[in-house]
Chemist: 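Okay, here's the structure, questions in a sec.
All chains are named by letter (A, B, ...) in the order of the sequence lines, taking the proteins before the strands, and each is independently numbered beginning at 1.
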Number of protein chains: 2
Amino acid sequence: MARTEDPAGRERILSAATDLFYVNGVRAVGMAEVIAAAGCGKHMLYRHFPSKAALAAAYLRRVRAERDKSTTRALAAAAGASKTTSAGDAARGIGTTRAGEQLVALVAEVAAWVQRRDYRGCAFRNYLTEFPAGDDEPAAVARDYLRDTRRQVDELVATLGKPGVTGDRIWLLIDALYGGTGTPPQVAVDWAKELVT
Amino acid sequence: MARTEDPAGRERILSAATDLFYVNGVRAVGMAEVIAAAGCGKHMLYRHFPSKAALAAAYLRRVRAERDKSTTRALAAAAGASKTTSAGDAARGIGTTRAGEQLVALVAEVAAWVQRRDYRGCAFRNYLTEFPAGDDEPAAVARDYLRDTRRQVDELVATLGKPGVTGDRIWLLIDALYGGTGTPPQVAVDWAKELVT
DNA sequence: ATAGTATCGGACCGATCGGTCCGTCAAGGG
DNA sequence: CCCTTGACGGACCGATCGGTCCGATACTAT
């Protein structure tokens, strides 16, 4: 091999694709646009990502990793100085008051997320809207994310002693935040606080 | 003129386009597909709708008309046997208890809407997701709908004697319903009832 | 210095896009 | 009866899509 195999090549490509896909939508962005933004050749792109679907899947996985990290951090902070790393572990073995605080923290984390500059909706919901009949790899990544986060809420609510409708209501608030059309996100956070007390 | 000028031609085209656009997304549906589904020639289609954007705008206007009719009917029913036709008139001049019932009726109407067979999200939100930077005619129709319905909620809440946050919370429930990802819609309706009592 | 290899960037492919144009045909009125 | 009129539907247009291929280039290991 001659050069160093591409040190940050894949990262540059995926980073550029992430920005473009999220801001403009996956369908609206062509591979040529990604190549131009990444400053590489077609060779490099198709070496790392053999198709547009593979690139889109990597984009969604990247967003998911970012979301999971932020969520896990928020849950851990709400659980106190616990050294738990996975959300599932955090949900189990913590007192019910902790579970309530964690649910509020979960809603607050989403509220903070949707207030980011250039927030343009949930990347996973957006993808499923763009490809409603899609059964390809990125669609699976998107659906897995929604299923897993929904399960995360359910587990926390199960730890809490509240009636079963609380989980649905928390998830209602999260859905509202992700698809929000102007309502101040703090309203959802305050409402979640009332819900768990 | 020879033939009858096209009695239901425009209707057939718009009906076919509405189904295709809503189910598969505007971007994913080509004009040839609309033509095939409508069973007409290209001539007819481009006579009634000079461009795809015009057809998409007509599609959204059609959905809006359907939504407005259903909403107005629900509001009138909640206001009693009033003979008001416009939602704005219904909101004004009705007692505060009526306004509360109307807000619940509004949420219930959306809940019923999202439980329709083959519901695939809010057509207006979907379009804005597919064309995030769109400043064309259909985007304006979509944004107008969201703005007007939001204003409708605000007016009803103003009639009600509740604190200002109630309007945001009602709208939160409506946003959650439209972008819902599995939560039973009745949960939102029940929550709205608690909210206005 | 030279051989070898990885990258670049553009030519190129077939398919499809929205949109235009026109030859053909059927129907209704003089 | 013919003749006007309008719809059909396919040919066609330029542009763009995702994806392949290849010549030119530049760098590294020997």
Side-chain angles (χ1 to χ4, degrees), chain A residues 1-21 23-60 127 130-139, chain B residues 1-21 23-60 127 130-139:
Chain A
M1 57 196 73
R3 287 193 184 170
T4 73
E5 254 305 344
D6 48 77
R10 190 191 141 97
E11 169 56 31
R12 289 231 326 288
I13 294 172
L14 186 50
S15 179
T18 296
D19 284 352
L20 287 171
F21 282 163
V23 172
N24 304 107
V26 175
R27 262 206 152 97
V29 175
M31 295 298 262
E33 209 171 334
V34 175
I35 286 166
C40 67
K42 291 195 166 191
H43 191 76
M44 276 293 293
L45 194 155
Y46 281 101
R47 162 181 296 273
H48 291 294
F49 308 98
S51 70
K52 188 180 183 181
L55 180 59
Y59 146 63
L60 289 181
Y127 184 86
E130 284 195 282
F131 300 86
D135 59 346
D136 52 359
E137 193 187 355
Chain B
M1 58 195 72
R3 286 197 185 166
T4 73
E5 255 302 344
D6 48 77
R10 191 192 139 98
E11 170 56 30
R12 289 230 329 286
I13 294 172
L14 186 50
S15 179
T18 296
D19 285 351
L20 288 171
F21 283 163
V23 172
N24 303 107
V26 175
R27 262 203 150 99
V29 175
M31 295 297 262
E33 209 170 335
V34 175
I35 288 166
C40 68
K42 291 195 165 190
H43 191 77
M44 275 293 293
L45 195 155
Y46 281 101
R47 163 182 293 273
H48 290 294
F49 308 99
S51 69
K52 188 180 182 179
L55 181 57
Y59 146 63
L60 290 180
Y127 184 87
E130 283 195 281
F131 300 85
D135 59 347
D136 51 0
E137 192 186 357

Chemist: Tell me whether Glu137(A) contacts the main-chain N or O of Ala54(A) through its side chain, where contact means a donor paired with an acceptor under 3.5 Å.
Modeler: no
Chemist: Once you round it to whole Å, what is the distance between P of dT20(C) and CE of Met44(B)?
Modeler: 16 Å
Chemist: Rounded to whole angstrom units, what separation is found between the NE2 atom of His43(B) and the C1' atom of dC25(C)?
Modeler: 14 Å
Chemist: In whole angstrom, what separates Arg10(A)'s CZ from dT7(C)'s P?
Modeler: 14 Å
Chemist: Expressed in angstrom and rounded to an integer, what is the separation of Tyr46(B) atom OH from dC22(C) atom C1'?
Modeler: 16 Å
Chemist: Check whether Arg27(A) reaches the backbone of Arg27(B) with its side chain - one donor and one acceptor, N or O, closer than 3.5 Å.
Modeler: no
Chemist: On DNA chain D, check which nucleotide each of Cys40(B) and Val29(A) is closest to and give me the residue with the more 5' one.
Modeler: Cys40(B)
Chemist: Rounded to the nearest angstrom, tell me the gap between atom NZ in Lys42(A) and atom P in dA11(C).
Modeler: 11 Å
Chemist: For Ala56(B) versus Tyr127(B), what's the shortest heavy-atom pair and its separation?
Modeler: CB-CE1, 4.4 Å
Chemist: Rounding to an integer number of Å, can you tell me how far Met31(B) CE sits from dG9(D) C1'?
Modeler: 15 Å
Chemist: Would Ile35(A) and Met44(A) count as a side-chain contact (heavy atoms from CB on, under 4.5 Å) here? Give the steps.
Modeler: CA-CA 9 Å; Ile35(A) 286 166; Met44(A) 276 293 293; over 6 Å; no
Chemist: I want to check one thing: is the phosphate of dA7(D), taken as OP1 and OP2, less than 4.0 Å away from some side-chain N or O of Arg47(B)?
Modeler: yes
Chemist: May I have the distance from His48(A) (atom NE2) to dG19(D) (atom P), rounded to whole angstrom?
Modeler: 16 Å
Chemist: Find the distance Ile35(B):CD1 to dT20(C):P and express it as a whole number of Å.
Modeler: 12 Å
Chemist: For DNA chain D, whose closest nucleotide is more 5', that of Val26(A) or that of Leu45(B)?
Modeler: Leu45(B)
Chemist: Which sits closer to the 5' end of DNA chain C, Gly41(A) or Gly30(B), going by the nucleotide each is nearest to?
Modeler: Gly41(A)
